[in-house]
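Residue numbers count from 1 along this sequence. All ligand and atom numbering here is 1-based and tracks the order in the structure. Reckoned from all heavy atoms, side chains included, excluding hydrogens, waters and symmetry mates.
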Amino acid sequence: MNIQDKIIDGKKIAEDMKKEIAAEVADMVDHGKPAPHLAALLVGDDGASKTYVANKEKSCQLVGMTSSVYRLPDTASEKEILDIIHFLNDDPDVDGYIVQLPLPKHVDEKKVIRAINPDKDVDGFTPHSIGLMQLGEPCFLPATPLGVMELLKRSGVDTEGKHVVVVGRSNIVGTPVSVLLSRKMKNANATVTICHSKTPNIADFTRQADILVVAIGSPLFIKADMVKDGAVVIDVGVHRIPDNSEKGYHLVGDVDFDSVVGKVSRITPVPGGCGPMTIVSLLHNTLLAAKNRR
Ligand code: NAP
């Protein structure tokens, strides 16, 4: 099998999903309803956060959604941030919104997230959304885990009865991925092992994985000797590595793609794997929020 046949093309799958979403948005507008509106709250000047928010705005435009960004300086008080949250909760024109994380250190992130109206929680970060996900009830799933589920489904990877090893247990990626893949439902029904920084001899676990999902935030951590022959590898990690190119950097994942690709049956590249799926999942949730509210 050549390398190209092994690639799970997140960019292409995300483009397909964008087309489907754009068609639904156009239909909504044709029926005289306003286009879904996604707002974002951006606090501070962090370069990566600014890029993420700009990408989200651009993606909204591409599918015909309305977007708006509320900006505050990193000196903003918790009260100023909560005032915007309350405003967005009450604004009838906003279907859903995200609070770009991380927030400045002096702000209680948990308090801010708890203040988000669950009906507008398109990032799926509130305790309400997480509780519904855990119960398997309809809800906004967090964007990156939703993207991983869609990638597996749309690239025809069968998860039923498979041993999935998830490396990383964060609230926004590893834990929800492990919950979703172990659910009693179509495109899930996997047996899931979750590993983290306190797991000894991690390769003993990763080598048992039929499907390996990696979200640890450590560049090129997973090498060929940590992967089973024929495994499917989903690399959620993304890191900017400075170089002499025009951009000044290139992206790599948590998986050492070059070392691993010869051994696996399918693999997501970085860039072009999970990243595009995260943004399109946010659009999916915004459309869902708009449908719920119309
Ligand atoms: P995080 O909150 O820092 O969590 C990292 C997790 O990995 C923790 O559970 C940690 O264990 C575990 N871990 C760290 N080092 C480890 C090691 N050496 N061995 C085993 N486990 C280890 O990170 P995150 O927010 O989940 O993000 C993970 C990566 O995904 C990052 O590179 C991030 O940039 C990327 N990401 C990408 C997207 C996308 O759209 N593509 C979206 C979100 C995140 P402990 O719990 O024990 O500390």
Close side-chain approach of Ser59 to Val280, heavy-atom, < 4.5 Å: no
Using a 4.5 Å cut-off on heavy atoms from C-beta on, say whether the side chain of Val227 contacts that of Thr206. no
For a salt bridge (Lys or Arg N to Asp or Glu O under 4.0 Å) with Asp210, tell me which candidate from Lys228, Arg266, Lys162 qualifies. Lys228
For atom 18 (N) of ligand 1, grab the closest protein heavy atom and report residue, atom and distance to one decimal in Å. Phe221 CE1, 3.4 Å
Quick one, Met277 and Val148 - any side-chain contact, counting heavy atoms below 4.5 Å? no
Atom 48 (O) of ligand 1: closest protein heavy atom, distance to 0.1 Å, is Ser197 OG, 3.6 Å
Are any of the heavy atoms in Gly275 under 4.0 Å away from ligand 1? yes
Can you list the atoms of ligand 1 that are under 4.0 Å from a heavy atom of Ile202? 19 (N), 20 (C)
Does only the side chain of Ile172 get under 4.0 Å from ligand 1, or the backbone, or both, or neither? Count heavy atoms. side chain
Please check if the number of heavy atoms outside Phe257 that lie under 6.0 Å from its CZ is greater than 12. yes
Looking just at side-chain N and O atoms, do Ser218 and Asp254 make a donor-acceptor pair shorter than 3.5 Å? no
Please state which protein non-hydrogen atom is closest to atom 40 (O) of ligand 1 and give its distance, to 0.1 Å? Thr278 OG1, 2.7 Å
Tell me which part of Ile216 gets within contact of ligand 1: side chain, backbone, both or neither, using heavy atoms under 4.0 Å. both
His239 and ligand 1 - part of the residue with a heavy-atom distance under 4.0 Å: side chain
How does Thr144 reach ligand 1, if at all, at less than 4.0 Å between non-hydrogen atoms: by side chain, backbone, both, or neither? side chain
If you have a sec, work out which protein heavy atom is nearest atom 35 (C) of ligand 1 and how many Å separate them, to one decimal? Val236 O, 3.5 Å
Only heavy atoms of Gly237, strictly under 4.0 Å: list the atoms of ligand 1 that pass. 29 (C), 30 (O), 32 (O), 35 (C)
Considering only non-hydrogen protein atoms, determine which one is nearest to atom 31 (C) of ligand 1 and report residue, atom name and distance to 0.1 Å. Gly217 CA, 3.5 Å
Does even one non-hydrogen atom of Ala215 get within less than 4.0 Å of ligand 1? yes
Closest approach of any protein heavy atom to atom 9 (O) of ligand 1, naming residue and atom: Arg169 N, 2.8 Å
Do Phe140 and Asp123 touch side chain to side chain, with heavy atoms closer than 4.5 Å? no
How many angstroms lie between CD1 in Ile116 and CD1 in Ile98, if you round to the nearest 0.5 Å? 9.5 Å
Evaluate the side-chain proximity of Asp95 to Leu38: yes if any heavy-atom separation is below 4.5 Å, no if none is. no
Look at atom 44 (C) of ligand 1 and say which protein heavy atom is nearest, naming residue and atom and giving the distance to 0.1 Å. Val173 CG2, 4.0 Å
Considering only non-hydrogen protein atoms, determine which one is nearest to atom 2 (O) of ligand 1 and report residue, atom name and distance to 0.1 Å. Ser170 CB, 3.4 Å
Exceeds 12 heavy-atom contacts within 6.0 angstrom, atom CG of Asp74: yes
